[in-house]
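Everything on this sheet refers to the single structure shown next.
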Amino acid sequence: MPVARPEPQEPRVIAHVDMDCFYVQVEQRRNPELRGQPTAVVQYNDWKGGGLIAVSYEARKFGVKRSMRGDEAKMVCPSINLVQVPVARDKADLNVYRSAGSEVVAILSTKGKCERASIDEVYLDLTDAAKEMLLESPPELLELIFEEATKSNILGLPSDVINREDSVRAWLCRADADYQDKLLSCGAIIVAQLRVKVLEETQFTCSAGIAHNKMLAKLVSGMHKPAQQTVVPSSAVQDFLVSLPIKKMKQLGGKLGSSLQDDLGVNTVGDLLSFTEDKLQEYYGVNTGTWLWKIARGISGEEVEDRLLPKSHGCGKTFPGPKALKNNASVKTWLDRLCEELSERIQSDLNQNKRIAQTLTLYARACRKNKSDSIKKFPSKSCPLRYGTVKIQEDAMKLFESGLHDFLGSQNTKWSITSLSVSASKIFDIPIGTSSILRYIKGPNSTVSPANLDCSSLPEDPSLGNKLYIAPNHEEHCEPSLSEKEDYGNNSNLAKQCQIKEEKKVSKKLTEVKIILGPESSSEPNKAEEHKAAQYVDRKKFNTAGSNSASSSTWMFNVEDIDPAVVEELPPEIQREIHGWIRPPKQSSSKTRGSTISSYFQPAKRSG
């Protein structure tokens, strides 16, 4: 349910920029002969000519609508050009449109905080840019106003005047306007400049709404299309909202909006104004009731998120009518295709943007045969995301089987899937300086062989507590003499001195850490009991030929910080060892030296 958010103390300037029939514009740029012609982009589906996903304004004049199929559009407009979206893996490939949208975002983001809401729409917080313009070059002092800005539609301003542009120019340059309206004037000029720049650099037109919050900017961005912008002064908010259908409001197009209509008889936002905040809270709870009371008055505290990249990646496919999937084999075939595309997209995101996704989710729509409750929803299922196409495919199929089990219950009946999709979410930036664990584990082809490592035991430092100690590379090393090496394992004092001497030499900045798995067995079984926690690995032998090691500090981390999703991708023997750290057994293990991962970290100090 929606929740009211605190309003900002200072007035804001928020814009919602919406591309005009974007998919058609992309195709027109690819094929300029389509410009000015009735055109529609159809989804990959040969049934009745395919579903229309974008319709040019030339085709709309003939009555063509997005709800039509291609064959129906041809009946309404025989001259229409139907362009099919690119196809990959037997489904629509939208990458060409995503890339085109990124071109637009790169331009719009130059003037303020930018939130990419979808392929073809963006929110902008232009407050700082508007304040800067108002301070340095206020509109009332400008000799010339940017021409495109004078074509703005100002709510509350008469639109039937003879010289509308002169009227708009006068509104933008009012010396007696209040501070909020002056900021909006600056915002209108900035958005007009951005829209012209988008047209010049990408050949795309866009429309925009400019207001003091996201909700109002979104509501008016599509009022005057194409290639126009609309401004909402605070004085015009109530008149604008009073006759607006309640279903047009964001988050009121579904069950909540239907409840307002059925239970309270609310059909317009003006109807909602007749209810007190207490009454709305009584019906819908404190949070949602307050939110309803505020949006009826044009109040919204939702902020523009500084996000140029999508919050998630998703791939889906519908299977209408006879194309419904009716067995596990057909589901697996399509899941593999969807997961292959998803894997490519998240891997590209990782390589280009240094972002990693953490959750894999499967969605489906299904029905059961000969069941009265066939409308029961197929439950969505999620699990930690493992990178790699095969792993994603395996996990997605397991999620489907789990969801199908819950969907069918104990009944063994026929079923069919009409929609299937997978998504990767909870995407985070990788911290600076972080690398894949594979970088630190040397494989068989590495120039450093585990068999060549000289591992010596050191007593555990009690001050480390529940932390693992890993010694990084350094430019200078504490290398014991040959005689010292012979007594190294039995002389804990010498080992301690070597460790302290080495740690004094390193800088505070961590630059490189390498972990190398050691030999499978130890040549000194009499020291096995010293391996309760760790081994200290001779760092000098970590350096590969021709590499330059930078100085770095000791790296420590808490066992509690270990991500279970990462652990699951490690070899089984290492998984068991790490689970031992997290849930230590009641009795100590009698494993020999070098047989487990703990053999390569600092050992526990013996009790006197």
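Side-chain atoms are counted along with the backbone in the values below, which use heavy atoms only and exclude waters and symmetry mates. FYI, the numbering just counts along the sequence from 1.
- Judged purely by atom type and a 3.5 angstrom limit, T288 has no side-chain atom pairing as donor or acceptor with the backbone of G285.
- Atom OG of S348 and atom CZ of R355 lie 10.5 Å apart (nearest 0.5 Å).
- Salt bridge annotation for K317-E341: absent, with no cationic side-chain nitrogen under 4.0 angstrom from a carboxylate oxygen.
- In terms of heavy-atom proximity, L52 sits nearest to A73 at CD2-CB, 3.9 Å.
- In this structure, OG on S207 lies 12.0 Å from CE on M223, to the nearest 0.5 angstrom.
- No more than 12 heavy-atom neighbours from other residues, nucleotides or ligands sit within 6.0 angstrom of NZ on K74.
- A donor-acceptor contact shorter than 3.5 Å links the side chain of R66 to the backbone of I53.
- Here the shortest heavy-atom pairing between L34 and Q28 reads O-NE2, 3.4 Å.
- With hydrogens and angles disregarded, a donor-acceptor distance shorter than 3.5 Å links the side chain of R368 to the backbone of L408.
- In this structure, CG in L335 is found 4.5 Å from CG in L420, a value given to the nearest 0.5 Å.
- Under the 4.0 Å criterion applied to side-chain N and carboxylate O atoms, E303 and R5 are not assigned as salt-bridge partners.
- Applying the side chain to side chain donor-acceptor pair (under 3.5 Å) test to pairs two or more places apart or on separate chains, those with a residue in residues 251-261 are K247-S258, S259-D263, S259-Y284.
- By the ring pair (Phe, Tyr, Trp, His ring centres under 6.0 Å) test, F378 is found to be paired with F400, F407, residues two or more places apart in sequence or in another chain being considered.
- Between the side chain of R345 and the backbone N or O of G314 there is at least one donor-acceptor pair closer than 3.5 Å.
- At distances below 3.5 Å, not a single donor-acceptor pair connects side-chain atoms of E305 with backbone N or O atoms of E115.
- In the model, Y97 has a side-chain atom that pairs as donor or acceptor with a side-chain atom of E27 under 3.5 Å.
- The main-chain N or O of A227 is found under 3.5 Å from a side-chain atom of D20 such that the two form a donor-acceptor pair.
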For this session: Step by step, work out the side chain to side chain donor-acceptor pair (under 3.5 Å) result for S300 and E302.
Result: CA-CA 6 Å; S300 174; E302 184 179 4; 4.6 Å; no
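- Taking every heavy atom of both residues into account, T290 and A4 meet most closely at CG2-CB, 3.9 Å.
- When all heavy atoms are compared, the tightest approach of A396 to V422 is CB-CG1, 4.3 Å.
- Between T205 and the options M19, K225, Q25, a side-chain contact (heavy atoms from CB on, under 4.5 Å) holds for only Q25.
- Within the 3.5 Å criterion, the main-chain N or O of G403 finds no donor-acceptor partner in the side chain of D406.
- At distances below 3.5 Å, not a single donor-acceptor pair connects side-chain atoms of D395 with backbone N or O atoms of L385.
- Of the N and O atoms on the side chains of T39 and S56, not one donor lies less than 3.5 Å from an acceptor on the other residue.
- With S99 contributing its side chain and N95 its backbone, the two residues share a donor-acceptor pair below 3.5 Å.
- Heavy atoms of other residues, nucleotides or ligands lying less than 6.0 angstrom from NZ of K426 number 12 at most.
- Expressed to the nearest 0.5 Å, how far CG of D336 lies from CD of Q393 amounts to 4.0 Å.
- Panel note: side chain T361, backbone S382; no donor-acceptor pair is recorded below 3.5 Å.
- The minimum heavy-atom distance linking I246 with L252 is given by the pair O-CB, 3.4 Å.
- Nearest approach of V26 to A100, heavy atoms of both residues: CG2-CB, 3.8 Å.
- Going from atom NE2 of H313 over to atom CG of L342 covers 8.0 Å, rounded to the nearest 0.5 Å.
- Distance check: L360 CG to I392 CD1 gives 6.5 Å after rounding to the nearest 0.5 Å.
- For K323, the NZ atom counts as densely surrounded, since its 6.0 Å shell holds more than 12 non-hydrogen atoms of other residues, nucleotides or ligands.
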